[in-house]
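All remarks here apply to the structure that follows.
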Amino acid sequence: MVEPLPSQETASLVKRLAGPSTGKAGLSKDQTDINRVIADVSKGSKFYENEKKKDKELSKKIEHILHLRDDLINRPGVNLAKTEAQVDQILHKLESERDLSQTIVHFDLDSFFASVEVLNDPTLAGKPFAVGHSVLSTASYEARKYGVRSGMATFVAKKLCPQLIMVSHSSSYSEPSHKVMEICSRYDPQMCPAGCDEGYLNITKYCAEHNISSEACVEHLRSTVFNETKLTVSAGIAPNLMLAKICSDKNKPNGQYSMPFDSVLIKSFMKELPIRRIPGIGRVSERLLESIGIKTCGDIYTHRATLSLMDKQFGLIHLLRTHLGIASNTVQPPQREERKSIGAERTFSPLQDKQKILDKLEEVCAELESDMEQTQWTGRTITLKYKLDSFEVFTRAKSFDRWISKKEELFAIGQELLLPELPLTIRLIGLRVTKLKDLRGPNPSTGIKRFFDAGNSPNPNKKPKLADSEEVPDENLPDFASPANPSVKPSSSRNEKSRTQHQSPFQRETHQCPVCDKQIPTENHAFNAHLDSCLSRSAIRQAQAEARPSPKQAQGNMLERWTKMAPKRLDR
DNA sequence: GCGGATCAC
DNA sequence: TATGGTGATCCGC
């Protein structure tokens with residue numbers, strides 16, 4: 001029974017099946033054919049059915065958003081010209097705070113795992129091969145010509161490229177990764193690694209001290225990396241992290257691209273840029289934005305009135321800044337105390353038998369205990385995650401008034417959360433611990449090693465930290481556990497992070513206005529005064545739009561939950 | 001605090 | 001035949 005779906009529906013499903021990484025990089029012109037093959041291979045599988053279901057729900061959500069948009073636009077008192085004028089005011093304000101003074105670099109090793117494998121087995125050079133097990137981590141550039149992508153199931157990749165050579169994660173990647181990070185950190189000791197194969201630098205100081213151009217600096221960095229590791233790296237140079245990241249993709253592999261440090265040229269660059277290229281905009285956000293006519297960053301301006309009316313759904317300020325090509329330009333190493341969770345999960349062939357499922361849970365618990373022990377974290381909220389053989393994912397959580405570390409405890413809690421859900425057919429079990437407490441004292445380490453050993457706050461000036469308070473073993477205990485000391489949220493109160501959002505390095509700075517990213521004096525008064533002035537404009541707009549308090553940060557999630565699914569349970 | 005969902009790597 | 005693991009964030013409730 002072939003039931004014809006609306007063409008939009010199939011198109012988006014076919015695209016969805018092609019995998020998350022499709023569309024991020026440049027797509028070849030016969031991507032449509034490739035997507036067709038992928039869809040055909042997948043058809044009928046449980047994975048496919050689940051993707052289809054998710055795609056349908058997204059379509060419904062879009063329908064709802066379009067109705068909401070029409071409703072808002074036609075609301076009495078709404079004047080689109082006036083709304084546009086107000087947005088233009090915000091744009092003017094944002095523009096006036098553009099900072100072109102810092103030179104940011106994003107570096108990215110070219111197909112890192114694949115390149116390391118070639119070094120270990122030179123016969124792979126020039127051949128289509130991929131690294132991974134059931135799902136690909138990386139594909140060589142030859143394999144990519146066939147449409148093979150990371151995140152793709154191996155059997156699908158083989159269908160696209162029958163000659164594809166599969167290589168399992170044989171080598172150790174950490175040594176070359178550390179070596180590259182060490183080299184890059186020579187150009188900025190505050191380097192921020194982003195995963196094992198990329199990172200951010202602020203080379204402003206380095207270039208000034210060595211009296212060289214940023215281009216020459218990055219050429220030097222890239223050739224040094226190559227000489228010392230035989231790995232090629234691509235890089236982007238720009239006035240902020242977002243642009244640098246986008247630029248590093250432009251001349252990949254083994255190339256670099258420099259953004260002009262000129263607001264007019266930056267804006268013309270952004271105008272044609274597909275929104276999907278913006279870090280943080282994935283396949284879902286892409287479809288949502290596309291539904292209201294936004295495909296490129298230039299379209300953000302065209303539809304600014306709609307976005308203003310639908311700030312709640314789309315996050316106006318963040319999109320406006322994106323359209324202008326404005327983003328954070330502060331680079332700092334990740335800090336240990338910023339960690340929010342630690343977890344472990346495992347996929348296996350679907351299991352129904354209760355005892356077998358519990359065995360898997362126990363394994364996961366043992367793994368988690370070991371990781372927590374090694375990294376010296378404990379926590380008081382435990383979240384169980386399970387995935388059915390239908391690929392639907394669920395979580396169940398519980399918080400405690402004590403710190404959980406031992407596998408026996410983890411296992412007992414895991415069972416408590418899981419057993420009421422059974423019987424089920426499960427293909428994945430995971431456990432995650434949040435509300436963490438650092439068992440390692442704030443013990444600043446020295447040298448380059450800090451990048452690799454999970455942090456250890458390398459910023460001594462940032463945390464004078466009362467010498468005795470850290471001796472109190474229960475400093476992080478929640479209120480009810482230490483009634484005498486109501487000073488919860490130590491990590492927020494220690495350094496004014498309570499109003500800052502960290503999402504990726506793009507917004508990780510400590511004393512930066514979330515609206516305009518200006519660096520603000522750390523005194524609360526100055527910071528809040530600035531923030532308020534920054535947000536007042538959106539407040540005006542909001543009042544007209546319909547109501548709702550002011551948006552508290554620039555980065556709005558586009559996916560407000562508007563349909564409530566029954567908290568799915570298999571009926572027995 | 002909990003659960004669902006998106007996103008990056 | 002068959003589609004990963006870790007961590008973060010956001011939203012609604």
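Side chains included, hydrogens not; waters and symmetry mates left out as well; all remaining heavy atoms used. The sequence lines fix the lettering, A, B, ..., with proteins before strands; numbering per chain opens at 1.
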Val135(A) has a side chain; which of dG4(C), dA8(C), dC9(B) sits nearest to it?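 Looking only at side-chain atoms, Val135(A) lies closest to dG4(C).
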Indicate, with a heavy-atom threshold strictly under 4.0 Å, whether [X] touches base, sugar-phosphate, or nothing.
X	result
Glu198(A)	sugar-phosphate
Tyr48(A)	nothing
Leu428(A)	sugar-phosphate
Arg432(A)	base
Lys54(A)	nothing
Lys159(A)	nothing

N-O pairing of [X] and [Y] below 4.0 Å:
X	Y	answer
Glu182(A)	Lys179(A)	yes
Glu363(A)	Arg346(A)	no
Lys54(A)	Glu51(A)	yes
Glu49(A)	Lys52(A)	yes

d([atom1], [X]; [atom2], [N]) in whole Å:
X	N	atom1	atom2	value
Ile278(A)	dA8(B)	CD1	C1'	14 Å
Ile413(A)	dG1(B)	CD1	C1'	15 Å
Trp377(A)	dG7(C)	CH2	P	11 Å
Ile275(A)	dC7(B)	CD1	C1'	14 Å

Given the P atoms of dA8(B) and dT3(C), what is the spacing between them in whole Å? 24 Å
Counting just side-chain N and O atoms, does [X] come under 4.0 Å of either OP1 or OP2 of [N]?
X	N	value
Arg346(A)	dG4(C)	no
Ser285(A)	dC7(B)	yes
Ser341(A)	dA8(C)	yes
Lys385(A)	dA5(B)	no
Lys435(A)	dG1(B)	yes
Arg427(A)	dA2(C)	no

Whichever of Ser45(A) and Asp371(A) has its nearest DNA chain C nucleotide further upstream toward 5': Ser45(A)
Toward the 5' end of DNA chain B, which comes first, Leu417(A) or Arg283(A), by nearest nucleotide?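 On the 5' side of the pair lies Leu417(A).
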Would you kindly compare Lys398(A) and Gly282(A) by the position of their nearest DNA chain B nucleotide and give the one closer to the 5′ end?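 The 5'-side residue here is Lys398(A).
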Give a yes-or-no answer on whether the side chains of Ser59(A) and Arg287(A) include a donor-acceptor pair shorter than 3.5 Å. yes
Given the structure, check if the side chain of Ser42(A) and the base of dT3(C) hold any donor-acceptor pair shorter than 3.5 Å.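 Yes.
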